[in-house]
Amino acid sequence: MSLTIIVTSDVQSRFHGFLGSVMVEIAPGLYVSPQLNRDVRDRLWAVVTEWFGQLKQGTIIMLWRDKSSPGFIAVKTIGTPRRNLVDVDGLLLTRRGF
């Protein structure tokens, strides 16, 4: 289990209701769960991705601790612009727009 963070921007209210039922909304559009297991996180992302495919509005970013990812942070995004974390000579950077 690891800390999971989801950030939403310009999404419909159904996302806020769903995410708020699983995680704590500590600021508008910022959801946190200190101990979300991988199966729950994967299911949550599957639901959000399915809804986004139907509604096609906004941006959603999910982050969690992953020792095999650059900077030990894994990132999933839907919406635009897309973002990924990359390790460039030990420096953690965000790559946008692919």
Side-chain angles (χ1 to χ4, degrees):
M1 288 194 233
S2 64
L3 174 68
T4 303
I5 300 168
I6 295 182
V7 181
T8 63
S9 174
D10 192 31
V11 294
Q12 295 184 345
S13 61
R14 73 163 49 181
F15 291 98
H16 297 289
F18 174 65
L19 292 172
S21 72
V22 180
M23 305 172 82
V24 176
E25 186 175 14
I26 61 171
L30 178 58
Y31 300 87
V32 176
S33 179
Q35 294 185 338
L36 200 63
N37 71 41
R38 187 185 73 218
D39 292 337
V40 173
R41 185 178 59 239
D42 290 345
R43 178 64 183 138
L44 186 147
W45 191 252
V47 169
V48 167
T49 301
E50 180 182 337
W51 288 356
F52 188 87
Q54 297 166 2
L55 303 171
K56 299 185 188 325
Q57 177 184 340
T59 302
I60 303 171
I61 302 169
M62 181 169 66
L63 306 115
W64 70 96
R65 181 173 169 80
D66 181 1
K67 292 182 180 181
S68 65
S69 297
F72 303 119
I73 301 171
V75 178
K76 288 187 178 184
T77 65
I78 45 181
T80 53
R82 297 188 59 94
R83 294 176 177 90
N84 273 350
L85 294 179
V86 292
D87 186 339
V88 178
D89 297 328
L91 182 62
L92 192 60
L93 302 172
T94 303
R95 182 170 55 187
R96 296 176 54 176
F98 59 93

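Treat the numbers as computed from the prediction; the structure is a model and nothing was measured.
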Joint cluster assignment, Val47 & Met62, ILVMFWY side-chain distance < 4.5 Å: yes

Are Leu3 and Ile73 connected, step by step, through hydrophobic side chains (Ile, Leu, Val, Met, Phe, Trp, Tyr) whose heavy atoms are closer than 4.5 Å? yes

Ile6 vs Met23, side-chain contact (heavy atoms from CB on, under 4.5 Å): CA-CA, chis, key distance, verdict: CA-CA 9 Å; Ile6 295 182; Met23 305 172 82; 3.7 Å; yes

Can you sort out the partners of Phe52 under ring-ring contact (aromatic ring centres under 6.0 Å, His included), two or more places apart, ordered by chain and number? none

Solution key, residues 24-37 side-chain donor-acceptor pairs under 3.5 Å, sequence neighbours excluded:
{"residue": "Glu25", "atom": "OE2", "partner": "Gly29", "partner atom": "N", "Å": "3.0"}
{"residue": "Glu25", "atom": "OE2", "partner": "Tyr31", "partner atom": "OH", "Å": "3.3"}
{"residue": "Tyr31", "atom": "OH", "partner": "His16", "partner atom": "ND1", "Å": "2.6"}
{"residue": "Asn37", "atom": "OD1", "partner": "Asp39", "partner atom": "N", "Å": "3.1"}
{"residue": "Asn37", "atom": "OD1", "partner": "Val40", "partner atom": "N", "Å": "2.8"}

Side chain proximity check, Arg43 to Trp45, heavy atoms < 4.5 angstrom: no

From CA spacing to verdict: side-chain contact (heavy atoms from CB on, under 4.5 Å), Trp64, Arg38: CA-CA 10 Å; Trp64 70 96; Arg38 187 185 73 218; over 6 Å; no

Report the C-alpha separation of Thr59 and Asp10 in whole Å, then their side-chain angles, then the decisive distance to 0.1 Å, and conclude whether the side-chain contact (heavy atoms from CB on, under 4.5 Å) test is met. CA-CA 7 Å; Thr59 302; Asp10 192 31; over 6 Å; no

Can you name the side-chain contact (heavy atoms from CB on, under 4.5 Å) partners of Gln54, sequence neighbours left out? Arg14, Glu50, Trp51

Is there a side-chain contact (heavy atoms from CB on, under 4.5 Å) between Ile60 and Phe15 once you walk through the steps? CA-CA 10 Å; Ile60 303 171; Phe15 291 98; 3.7 Å; yes

When Ile78 is tested against each of Val11, Ile61, Val48 for side-chain contact (heavy atoms from CB on, under 4.5 Å), which residue passes? Val48

Would you say Ser21's side chain and Phe18's backbone share a donor-acceptor pair under 3.5 angstrom? yes

